[in-house]
Amino acid sequence: ATARNAGGGGMNVAGLRADFPALHQEIHGKPLVYLDNAATTHKPRAVLDALDRFHRRDNSNVHRGVHTLSQRATDSYEGARQQIAQFLGGQTDEIVFVRGATEAINLVANAFLRPRLQPGDEVLVTAMEHHANIVPWQLACDATGAQLRVAPMSQAGELLLDELEALLTDRTKLLALTHVSNALGTVNPVAQIAEMAHAHGVPVLVDGAQAVQHMPVDVTQLGVDFYALSGHKLYGPTGIGVLWARSEHLEAMAPWQGGGDMIRSVTFEKTEFAPPPLRFEAGTPHIAGAIGLGAAVEYLSGIGLEAIAAHESDLLAAATDAVAAIDGVRLIGTAAQKASVLSFVVEGVHPHDIGTVLDRNGIAVRTGHHCAQPVMAFYGVPATVRASFALYNYRAEIEPLCTALHEAQDLFA
Ligand code: 7TS
């Protein structure tokens, strides 16, 4: 309990850090400062233990055998589905296990959207999307003669809501937008936008890959139609993710992939499909991954997403002030509502050189286009340096970051 709340709703970060074995190592002789959490987060013992326990004790396939291990595996896998439903505020049979946010979006693009698209129809995305929330829609448009439209943003990296609304027409078959931008940190007012879209009869998919680990998310309260996330950014394993979708949509969707586990009965003439969510989980799923993700959301709920949000917001504000005070730094993404992402460029120093100097100092950041090339093009930069924070980061990590940035300037600028 001491590792959880340190009273007053604050977090005992030192205690929580002890839950993450990978944080406690030296890189090039310096203590690791891990600030690449938007790419992936480290895993707490609760997750590592759940994976280990499954493989050592319960390992078996799901939904198939009557033997004890298979029943244990099935109970744990379906138990994880319940944990995740509770975490997101949805119904258990609205949770589809997929590989990650990318696969969740591709599933909606292929099973929901594509059969509904006609030449002349439109799919609306925003100017700040990750490639995973652009390319699947582009593929669906190219195959059907529909068109991709883009809702613009301001220089600060905030969506222009009037312009977004003007792009919602009776041609629009879906609005797909990110909850939190991975390149800018912008938190979009998703509930308000969903209401706007629904007033025009447009269903809404939200890419939650950068949101669920930073703030309480309730898909029912948000009022959206689809919500996609990746387990590995949520302190869970790689290779597992979730599509939450309203059951009426899942019921209406034909399968995307066929195989075992997604059928009710098969003859060579005709196959009856299983009801959702299994209809969309063909083949042996990532059983251990789902169980690990269940353990991750339990762990996070134990700490409390409100507490995590408050801690990370405090940290982001302090880091932003410190980094912005360095001569030659230009922040990329200055929205009023941001979560855990600090993107910037430094005059005269290439982001990759900064990344190298930081790594020599034990500091892990992301440098590059962050799979958001249209965002880079919008700001006229090839790449940024991105520091992204998790619940286990703390203020003492900001000073080494700033010192290393000065060192990079001394070496390269
Ligand atoms: N959507 C957003 C907003 C993302 O940030 C990412 C991954 C994805 C979708 C795709 O997630 P995946 O788990 O299916 O690959 N973003 C990043 C990043 O910012 N750095 O590395 C991966």
Side-chain angles (χ1 to χ4, degrees), residues 34-43 84 96-110 125-139 150-151 153 157 159 175-188 190 193 204-215 217 222 224 226-244 286 289-290 292-293 296 316 332-333 335 337-344 351-352 355 364-376 378 381 383-390:
Y34 187 80
L35 300 177
D36 192 19
N37 294 289
T40 201
T41 51
H42 286 296
K43 321 305 173 198
I84 290 155
V96 182
F97 284 123
V98 291
R99 272 195 304 130
T102 300
E103 193 175 55
I105 295 168
N106 277 280
L107 171 57
V108 177
N110 284 283
V125 297
T126 85
M128 66 175 80
E129 299 309 318
H130 186 280
H131 297 165
N133 204 21
I134 300 172
V135 183
W137 312 122
Q138 244 166 7
L139 291 170
V150 183
M153 64 180 173
L159 292 177
L175 166 61
L177 83 161
T178 196
H179 198 165
V180 173
S181 157
N182 72 314
L184 304 171
T186 310
V187 182
N188 287 317
V190 164
I193 292 171
V204 178
L205 174 136
V206 173
D207 174 356
Q210 299 291 349
V212 280
Q213 61 278 55
H214 299 306
M215 63 189 79
V217 168
L222 288 177
V224 300
F226 302 96
Y227 200 93
L229 66 88
S230 286
H232 69 97
K233 298 178 196 286
L234 185 58
Y235 305 94
T238 52
I240 188 75
V242 169
L243 172 70
W244 169 85
H286 187 0
L293 183 56
L316 178 65
I332 304 292
Q337 301 297 322
K338 286 185 61 173
S340 284
V341 168
L342 175 55
S343 240
F344 56 93
H352 291 309
V365 296
R366 194 61 144 207
T367 60
H369 55 61
H370 317 297
C371 297
Q373 287 183 347
V375 174
M376 301 297 114
F378 177 81
V381 296
T384 75
V385 181
R386 182 188 67 185
S388 53
F389 304 99

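If you read the sequence from its start, that first residue is 1, and numbering goes on from there. Just so you know, ligand 1 is whichever comes first in the structure, and atom 1 is the first atom listed for that ligand.
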**Student:** Return yes when Asp207 approaches ligand 1 closer than 4.0 angstrom through a heavy atom, no otherwise.
**Tutor:**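 A heavy atom of Asp207 does come that close to ligand 1.
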**Student:** Would Arg386 count as a polar contact of ligand 1, with the cut-off being nitrogen or oxygen pairs under 3.5 Å?
**Tutor:**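 Yes; at least one N/O pair falls below 3.5 Å.
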**Student:** Under 4.0 Å from any heavy atom of Thr102, which atoms of ligand 1 are there?
**Tutor:**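 Near Thr102, meaning under 4.0 Å from one of its heavy atoms, ligand 1 has 10 (C), 11 (O), 12 (P), 14 (O), 15 (O).
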**Student:** Have Thr384 and His370 got a donor and an acceptor in their side chains that come within less than 3.5 Å?
**Tutor:**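 Thr384 vs His370: donor-acceptor pair found between side chains.
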**Student:** Hey, is ligand 1 close enough to Lys233 that some N/O pair sits below 3.5 Å?
**Tutor:**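 Such a contact does occur with ligand 1.
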**Student:** From atom 12 (P) of ligand 1, work out which of Ser230, Gly368, Ala104, Gly239 has a heavy atom at the shortest distance.
**Tutor:**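 Of the listed residues, Ser230 has the closest heavy atom.
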**Student:** For Ala339 and His214, work out which heavy atoms get closest and say how close.
**Tutor:**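 So the minimum-distance heavy-atom pair works out to CB-CB, 4.3 Å.
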**Student:** Taking the side chain as C-beta and beyond, is there a heavy-atom pair between Phe97 and Val242 under 4.5 Å?
**Tutor:**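 Touching, per the 4.5 Å side-chain cut-off.
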**Student:** May I ask you to identify, for Arg366, whether its side chain, its backbone, both or neither come under 4.0 Å of ligand 1 on a heavy-atom basis?
**Tutor:**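 Arg366 to ligand 1: side-chain contact only, backbone stays beyond 4.0 Å.
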**Student:** Hey, does Asn182 have a side-chain heavy atom less than 4.5 Å from the side chain of Val341?
**Tutor:**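 No, too far: nothing below the 4.5 Å cut-off.
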**Student:** Holding to side-chain hydrogen bond (donor to acceptor under 3.5 Å, both in side chains), I want the full list of residues that pass it with His352, two or more places apart in sequence or in another chain.
**Tutor:**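 Per chain and number, His352 pairs via side-chain hydrogen bond (donor to acceptor under 3.5 Å, both in side chains) with Thr367.
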**Student:** Can you tell me which residue and heavy atom of the protein come closest to atom 4 (C) of ligand 1, and the distance to 0.1 Å?
**Tutor:**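 Its nearest protein heavy-atom neighbour is His130 CD2, 3.3 Å.
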**Student:** Just to verify, what does Glu103 make a salt bridge (charged side-chain N to carboxylate O under 4.0 Å, His left out) with, not counting sequence neighbours?
**Tutor:**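 Result, salt bridge (charged side-chain N to carboxylate O under 4.0 Å, His left out) vs Glu103: Arg99.
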**Student:** Hey, mind stepping through Val206 and Trp244 against side-chain contact (heavy atoms from CB on, under 4.5 Å) and telling me if it holds?
**Tutor:** CA-CA 10 Å; Val206 173; Trp244 169 85; over 6 Å; no
**Student:** Polar contacts were defined as any N/O atom of the residue lying under 3.5 Å from an N/O atom of the ligand; does this apply to His370 and ligand 1?
**Tutor:**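 No: no nitrogen or oxygen of His370 is under 3.5 Å from one in ligand 1.
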**Student:** Check ligand 1 against Ala38 and write out every atom of the ligand that is under 4.0 Å from a heavy-atom position of the residue.
**Tutor:**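 By the 4.0 Å cutoff, the relevant atoms are 17 (C), 18 (C), 19 (O).
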**Student:** State the atoms of ligand 1, each with its element, that fall below the 4.0 Å cut-off from a heavy-atom position in Gln210.
**Tutor:**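 With Gln210 as reference, the close atoms of ligand 1 come out as 3 (C), 4 (C), 5 (O), 16 (N), 19 (O).
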**Student:** Check Ala228 against Ala104 and note the closest heavy-atom contact, atom names and distance.
**Tutor:**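 Closest approach of Ala228 to Ala104, heavy atoms only: CB-CB, 3.6 Å.
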**Student:** Looking at Thr126 and Met128, would you say the former's side chain and the latter's main chain have a donor-acceptor pair under 3.5 Å?
**Tutor:**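 Checked: pair present.
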**Student:** Which ligand 1 atoms are under 4.0 Å away from a heavy-atom of Thr178?
**Tutor:**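 Those qualifying, in numeric order: 3 (C).
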**Student:** Would you mind running through ligand 1 and noting each atom that sits below 4.0 Å from a heavy atom of Ala209?
**Tutor:**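 Result: 1 (N), 2 (C), 4 (C), 9 (C).
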**Student:** Just heavy atoms, cut-off under 4.0 Å: does His232 contact ligand 1 by side chain, backbone, both, or neither?
**Tutor:**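 Looking at His232 and ligand 1, just side chain atoms fall under 4.0 Å.
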